[in-house]
A.B. asks: 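Got a structure here, written out as structure tokens. Questions coming.
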Amino acid sequence: MEEQPPRSARDLAREVERLRSQLAAEREQAAVERAGLQLLLDSIPTGIVEYRDTDNLVWANRAFCAMVGRDLPDLLDERWRRTVHPEDDHVPRDAVAVPGGTRLAIRHVDADGGVHHCDSTVVMLPTIGADGAEGFRPLVNVHDITPLHEATQAALAEERRFRALFESSPIGILVSDERNVVRDVNPAYLRMLRVGPELLLGNVFDEVHPDFSVSFDRETILAALDADGRYEWQGWMPRFDRTRFWANITVSHSVDALGNRVVVSQVQDHDEVHRSREDLAHAARHDALTGLPNRAHLLQTLDGLLSERTRPVGVLFCDLDRFKAVNDSLGHAAGDALLVAVAARLRGCLREGDHAGRLGGDEFVVVLGGLDGAADAVRVAERVRTAVQGALDVLAPGLGCGVSIGVAVGDPHGPVTTGADLLRDADEAMYRVKGAGRGGWGVFTPRAPEEVAARHDLEADLRRAVADDAFVVHYQPIVRLEDGQRMAFEALVRWPHPVRGTLGPEEFWDVATQCGLAAAIDTAVLTRVATFLVHHPGEIVAVNVSAQRLDGTFADAVARALARVGAAGFRLLVELREAALRGDDPVLTAELHALESLGVTVVVDDFGAGNSVLTTLHELPVRGLKMGPAFTAGLPGNGRLVASILGLAEGLDVECIATGVETAEQARHLREAGWHAAQGWFFGGVAPEGTWFPVVLPG
């Protein structure tokens with residue numbers, strides 16, 4: 001190798017200067033690049049932090065400074081540690097290794113005390129020190145995920161809340177996938193089906209509960225879900241122990257937390273409600289004491305037979321003679337026993353297709369279908385007379401009891417006859433038997449001229465009474481069972497007839513209705529009651545109103561009557577028979593709402609005697625029920641029915657009053673069963689204004 005000539009001092013100086021210039025240029029270029037890099041990092045929306053070592057911060061971008069609310073000089077060296085949440089200082093939470101660095105969750109606190117949840121990634125950058133030694137400088141990417149964290153926490157809280165509701169819900173809930181594999185089930189469902197979770201979870205429901213497949217068609221359920229997204233069913237649902245209960249089932253589609261489609265089945269146990277409704281429905285159509293069909297049920301049956309118009313249909317109207325003597329001599333318990341015995345005898349007289357019922361009191365009816373003529377009806381009537389007389393002789397010997405039977409037959413080839421018409425004719429025939437000396441039977445024939453004349457005379461007398469304002473009002477107290485205090489009065493119309501004496505509505509109301517005088521009588525009663533309210537400021541009065549009076553003018557008449565005497569609406573109760581309440585009658589509905597706006601309370605009278613109100617009661621502004629006296633008469637034997645009526649009233653949030661209380665035992669039973677109000681002869685009879693009654697409480 002050729003030896004280089006020695007360099008002169010000048011050459012060496014020039015080389016040193018060149019190297020210095022090159023180093024300065026490189027440093028300037030590096031500074032420019034670093035400034036550009038920092039400018040770039042400042043524009044990034046996530047925080048970037050550079051450390052000299054694990055303790056000393058040397059630079060942070062604008063996003064990090066803005067997040068912690070501090071300027072860069074306030075963060076240099078170890079001052080940045082003031083931004084770290086005390087619980088996270090020196091503790092990298094949930095650190096995980098990721099390619100090129102470490103990922104950890106850490107919280108930073110801004111200058112105002114706000115906490116920022118951050119997802120930070122630490123990368124160790126290689127460096128060379130002034131001494132040439134290699135090292136590392138931490139560079140941290142700080143991503144503020146506070147909104148995501150809060151959303152996640154809210155979702156977790158919502159999930160916990162939903163789970164608590166799911167677990168505590170009284171509605172049974174079962175979640176299954178589309179293959180019917182059970183994914184989740186709550187305790188209420190397990191209780192209703194009487195099964196443990198281990199038998200259901202993870203298994204196909206139909207396979208572990210085959211009785212369900214017998215009762216429910218899964219294809220029908222799935223088809224309904226595809227069409228409407230919902231399937232509803234009500235009926236008897238089998239349990240795992242082979243018993244069953246009345247259930248209301250709703251099936252719908254939903255999605256789980258992972259977005260998978262699931263089927264949600266909700267089951268409500270309506271067993272007790274259903275049985276109570278069955279009891280009430282039966283009670284609405286049957287006599288509480290004897291279990292026989294009541295008037296509404298009999299009329300429905302009778303109208304059905306008459307509508308066929310194939311063969312004659314007969315009605316036997318049976319009324320016990322001198323029954324009052326049994327009650328007066330032997331007591332009401334003996335009278336009730338006699339009525340039950342008569343009902344049993346009637347059942348024994350029935351042919352196939354016949355029906356026996358009780359209208360109330362000592363009145364019974366037998367409906368005869370498939371007759372060949374009146375002779376068939378007479379033969380049954382004679383059989384009934386013999387059987388009933390046998391019961392009377394056994395249970396009421398020496399009291400001279402008997403039975404009077406009216407017979408009426410509807411001819412399918414004659415004029416169209418309604419059940420009410422035929423029942424009225426049989427009733428009239430029975431009264432003719434009684435008038436002829438009682439005991440035996442008689443077939444209905446059209447009225448004789450003298451009877452028609454008597455009816456015309458009664459109608460003429462009624463018209464004069466209305467014109468002369470001759471009607472008076474008597475009152476019966478309604479008391480509070482807790483302490484016997486009088487709560488209100490019921491106003492009852494009486495007609496002082498100049499020849500026949502004082503008549504109750506049962507003796508003239510049918511004629512008044514048929515000749516169009518019922519509304520005028522109702523108006524007269526309302527006027528009397530308004531005057532009563534003036535004379536007795538502290539009293540409340542219930543007024544019976546016929547359905548015919550609710551013709552669109554009654555509420556206005558009430559408003560005028562109350563305004564005339566200056567009485568508040570709450571002091572007036574309007575009582576309507578159950579059968580009069582129809583939700584599809586817009587005039588009646590408007591009248592009831594108008595009464596409610598006046599503060600007048602609408603009460604259903606003789607509740608249980610009909611059945612129409614059961615479907616419309618919740619739609620009308622009714623605030624009270626008066627249980628029919630037939631239910632009270634059956635106490636304590638029918639206590640479950642009476643409790644069902646009270647439960648229904650409480651469920652509808654309406655006041656409930658028991659009527660027909662005649663004995664201390666009945667009053668005591670009602671009070672112990674939770675009833676608050678009652679009326680009847682035990683607490684006081686019907687009497688003119690000013691005749692107050694002493695309070696009588698059961699011992």
A.B. asks: Which salt bridge (charged side-chain N to carboxylate O under 4.0 Å, His left out) pairs, counting each pair once, include a residue from residues 172-185, with sequence neighbours left out?
C.D. replies: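 The answer is R163-D184, D177-R179, D177-R183, E178-R261.
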A.B. asks: I'd like to check the side chain to side chain contact (heavy atoms under 4.5 Å, CB included) partners of V654; sequence neighbours left out, ordered by chain and number.
C.D. replies: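 Partners of V654 by the side chain to side chain contact (heavy atoms under 4.5 Å, CB included) criterion, ordered by chain and then number, come out as L625, A649, L652.
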A.B. asks: Excluding sequence neighbours, so at least two apart, what forms salt bridge (Lys or Arg N to Asp or Glu O under 4.0 Å) with D241?
C.D. replies: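 Once residues adjacent in sequence are excluded, the partners of D241 under the salt bridge (Lys or Arg N to Asp or Glu O under 4.0 Å) criterion are R194.
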A.B. asks: Test of understanding: with side chain to side chain contact (heavy atoms under 4.5 Å, CB included), list the residues that count as partners of P187, not counting sequence neighbours.
C.D. replies: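 Checked P187 against side chain to side chain contact (heavy atoms under 4.5 Å, CB included); matches are E167, R191.
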A.B. asks: Determine whether the aromatic ring centres of Y51 and W59 lie less than 6.0 Å apart.
C.D. replies: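 Not close enough - the centres of the two rings lie 6.0 Å or further apart.
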A.B. asks: Can you name the one residue among D42, L75, D71 that meets side chain to side chain contact (heavy atoms under 4.5 Å, CB included) with C65?
C.D. replies: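 Per the side chain to side chain contact (heavy atoms under 4.5 Å, CB included) rule, the option paired with C65 is L75, out of D42, L75, D71.
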A.B. asks: Quick one: do D653 and R623 make a salt bridge, cutoff under 4.0 Å?
C.D. replies: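 Salt bridge absent between D653 and R623.
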A.B. asks: Apply side-chain hydrogen bond (donor to acceptor under 3.5 Å, both in side chains) to R239 and list each qualifying residue two or more places apart in sequence or on a separate chain.
C.D. replies: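 R239 satisfies side-chain hydrogen bond (donor to acceptor under 3.5 Å, both in side chains) with T243 only.
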A.B. asks: With sequence neighbours excluded, tell me which residues meet side chain to side chain contact (heavy atoms under 4.5 Å, CB included) with E158.
C.D. replies: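 Residues passing side chain to side chain contact (heavy atoms under 4.5 Å, CB included) with E158: R161.
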A.B. asks: By salt bridge (Lys or Arg N to Asp or Glu O under 4.0 Å), which residues pair with E672, not counting sequence neighbours?
C.D. replies: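 None.
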A.B. asks: In chain order, what residues pass the salt bridge (Lys or Arg N to Asp or Glu O under 4.0 Å) check against D269, with sequence neighbours excluded?
C.D. replies: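 D269 satisfies salt bridge (Lys or Arg N to Asp or Glu O under 4.0 Å) with no other residue.
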A.B. asks: Who are the salt bridge (Lys or Arg N to Asp or Glu O under 4.0 Å) partners of R571, not counting sequence neighbours?
C.D. replies: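 For R571 there are no salt bridge (Lys or Arg N to Asp or Glu O under 4.0 Å) partners, ignoring immediate neighbours.
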A.B. asks: How are the rings of F205 and F240 set relative to one another: parallel (under 30°), tilted (30 to 60°) or perpendicular (over 60°)?
C.D. replies: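 Geometry flag for F240 against F205: perpendicular rings.
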A.B. asks: Could you work out, with side-chain hydrogen bond (donor to acceptor under 3.5 Å, both in side chains) as the rule, every residue matching D110, not counting sequence neighbours?
C.D. replies: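 Applying side-chain hydrogen bond (donor to acceptor under 3.5 Å, both in side chains) to D110 gives H116.
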A.B. asks: Show me the pairs that pass ring-ring contact (aromatic ring centres under 6.0 Å, His included) and involve residues 155-192, at least two apart or across chains.
C.D. replies: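 The answer is none; no pair qualifies.
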A.B. asks: Salt-bridged, R242 to D211, with N to O below 4.0 Å?
C.D. replies: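 Yes, this pair counts.
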A.B. asks: Mind checking side chain to side chain contact (heavy atoms under 4.5 Å, CB included) for E575 and listing every partner two or more places apart, or none if nothing turns up?
C.D. replies: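 With neighbours one apart ignored, the set is E490, A542, N544, V603, D605, K626.
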A.B. asks: What distance do R52 atom CZ and L76 atom CG have between them, rounded to the nearest 0.5 Å?
C.D. replies: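 These two atoms lie 8.5 Å from each other.
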A.B. asks: Can R671 and E482 be counted as an ion pair, charged N to O under 4.0 angstrom?
C.D. replies: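 No, R671 and E482 are not salt-bridged.
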